[in-house]
Amino acid sequence: MATAVYCRYVALGDSLTEGLGDDRFDHDRGYAGWADRLAVLLNEDAKLAGEDFLYANLAVRSRNSHEILSDQVAQALLLEPDLVTIMAGANDLWRPRKSWDAIRLEFTEAIRTLKSAGVTVVLTNCINPVHHWSFRAASRRAKVLTHLIEDVAAELNVAVVDVYRSPTLRRIRVWSSDYVHFGARGHAHVANKAANVLGIPFRMETPLLEPRLKDRMTFRELCVWINQHVTPFVGRRIRGVAAGDGINPKRPVLSRVHDHPWIIRRTQSSPLVKVPFPSGSASAT
């Protein structure tokens with residue numbers, strides 16, 4: 001059982017926290033993504049303590065840090081959580097005019113507001129977009145944003161889940177076919193890292209799903225990717241619309257987690273659960 005038992009968890013963020021890219025997202029949005037997995041692990045920990053557990057997920061695709069740290073934080077406070085996770089900033093990597101000072105202030109004010117309400121806050125730093133060559137231009141901004149988030153976290157004494165330095169997340173194989181969102185393996189990995197930070201003695205098994213045996217694309221895969229993912233994205237940008245327009249949070253109110261599809265393990269130690277990759281591929285750590 002963790003040092004603290006959390007009974008009312010609210011996840012804030014963009015598409016990564018909403019769960020896009022997970023293998024089951026299209027047919028079961030309610031149980032997809034790293035935050036949903038973390039909620040299941042928190043539920044197991046609460047059961048050990050004989051407590052009821054409730055979970056809400058207010059994350060919506062395309063949301064930037066301002067929208068997450070203002071609107072979603074305000075919505076979360078109405079739910080009276082005891083734990084909030086915030087994964088924000090990935091969508092700011094492609095907005096070079098966004099002021100770092102403004103983002104720092106928004107993170108600071110959001111965390112102070114939550115903490116003043118008695119909420120435990122856990123941040124994630126920024127993903128490092130080096131797993132695919134087309135995103136590497138944003139790696140410098142990702143580094144700056146990560147340092148910004150970590151500085152604010154240190155100043156306000158909140159924990160950080162380190163996704164920026166994860167070797168696992170530098171592998172194409174743990175990302176979905178759009179290379180923008182975590183695949184099932186990536187979501188499980190991040191959930192386990194968050195559980196580790198929180199001291200929860202449970203881990204999510206890493207799924208074995210049609211693994212890519214190499215971390216590069218064939219020419220055919222490149223063409224399919226451009227047609228299915230890049231072209232629609234560019235089209236939306238030209239039209240001035242976002243993928244999240246008209247999308248509501250999938251779990252807007254606190255509710256129980258039950259009948260989930262995942263396999264979990266009890267562990268007495270902090271290392272993450274590891275399920276080996278197939279023979280001939282490098283192991284994720």
[atom1] of [X] to [atom2] of [Y]: how many Å apart, nearest 0.5 Å?
X	Y	atom1	atom2	answer
Arg185	Asp23	CZ	CG	11.0 Å
Asp92	Ile103	CG	CD1	4.5 Å
Leu254	Phe53	CG	CZ	8.5 Å
Leu79	Leu58	CG	CG	6.0 Å
Phe202	Leu38	CZ	CG	12.5 Å
Ser15	Asn91	OG	CG	6.0 Å

Which atom of [X] lies closest to which atom of [Y], heavy atoms considered:
X	Y	answer
Ala153	Val160	CB-CG2, 3.3 Å
Ala90	Leu16	CB-CD1, 4.3 Å
Pro81	Ala76	CD-O, 3.1 Å
Thr146	Cys126	OG1-N, 3.2 Å
Ser166	His189	OG-NE2, 2.9 Å
Val5	Glu51	CG1-CG, 4.3 Å

More than 12 heavy atoms of other residues, nucleotides or ligands under 6.0 Å from [atom1] of [X]: is that the case?
X	atom1	value
His260	NE2	yes
Glu80	CD	no
Ile263	CD1	no

Inset, instruction - Return yes if a side-chain donor-acceptor contact under 3.5 Å exists between Arg203 and Asn196, otherwise no. - result: yes
Hydrophobic clustering (ILVMFWY, side-chain heavy atoms < 4.5 Å, transitive) - are [Y] and [X] grouped together?
X	Y	answer
Val121	Ile68	yes
Leu69	Trp100	yes
Val190	Tyr164	no
Phe25	Val174	no
Tyr6	Leu48	yes

Side chain proximity check, [X] to [Y], heavy atoms < 4.5 angstrom:
X	Y	value
Thr124	Thr85	no
Leu41	Asn192	yes
Met204	Trp34	no
Arg61	Ile247	yes
Lys115	Val158	yes
Pro201	Asp45	yes
Thr17	Leu12	no
Leu123	Ile111	yes

Inset, instruction - Begin with the C-alpha distance, continue with both residues' side-chain angles, and end with the deciding distance and a verdict on salt bridge (charged side-chain N to carboxylate O under 4.0 Å, His left out) for Asp22 and Arg37. - result: CA-CA 11 Å; Asp22 205 343; Arg37 287 174 168 83; 2.6 Å; yes
I'd like to know if the side chain of [X] and the backbone of [Y] have a donor-acceptor N/O pair within less than 3.5 Å.
X	Y	answer
Glu205	Arg265	no
Asn125	Leu145	no
Asp82	Arg8	yes
Lys250	Asn57	no

Inset, instruction - For Arg112 and Glu109, run salt bridge (charged side-chain N to carboxylate O under 4.0 Å, His left out): C-alpha distance rounded to whole Å, both residues' side-chain angles, the deciding distance at 0.1 Å, then the answer. - result: CA-CA 5 Å; Arg112 283 178 173 164; Glu109 291 182 345; over 6 Å; no
Inset, instruction - Starting from the C-alpha separation in whole Å, work towards a yes-or-no answer on side-chain contact (heavy atoms from CB on, under 4.5 Å) for Val257 and Arg251. - result: CA-CA 11 Å; Val257 291; Arg251 284 179 172 266; 4.3 Å; yes
Inset, instruction - Check Arg165, Arg104, Lys143 against Glu150 for a salt bridge (charged side-chain N to carboxylate O under 4.0 Å, His left out) and give me the one that passes. - result: Arg165
Inset, instruction - Scan Asp151, Ile149, Leu156 and name whichever one has a side-chain contact (heavy atoms from CB on, under 4.5 Å) with Phe107. - result: Ile149
Legend entry - Result of checking Tyr31, Tyr55, Trp262 against Asp36 for side chain to side chain donor-acceptor pair (under 3.5 Å):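 Going through Tyr31, Tyr55, Trp262 one by one, the side chain to side chain donor-acceptor pair (under 3.5 Å) with Asp36 is satisfied by Tyr55 alone.
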Inset, instruction - Begin with the C-alpha distance, continue with both residues' side-chain angles, and end with the deciding distance and a verdict on side-chain contact (heavy atoms from CB on, under 4.5 Å) for Leu169 and Asn128. - result: CA-CA 8 Å; Leu169 296 178; Asn128 188 7; over 6 Å; no
Legend entry - Plane angle bin for Phe182 and His187 - parallel if under 30°, tilted between 30 and 60°, otherwise perpendicular: perpendicular
Legend entry - Derivation of the side-chain contact (heavy atoms from CB on, under 4.5 Å) call for Leu77 and Leu114: CA-CA 7 Å; Leu77 286 169; Leu114 289 165; 3.8 Å; yes
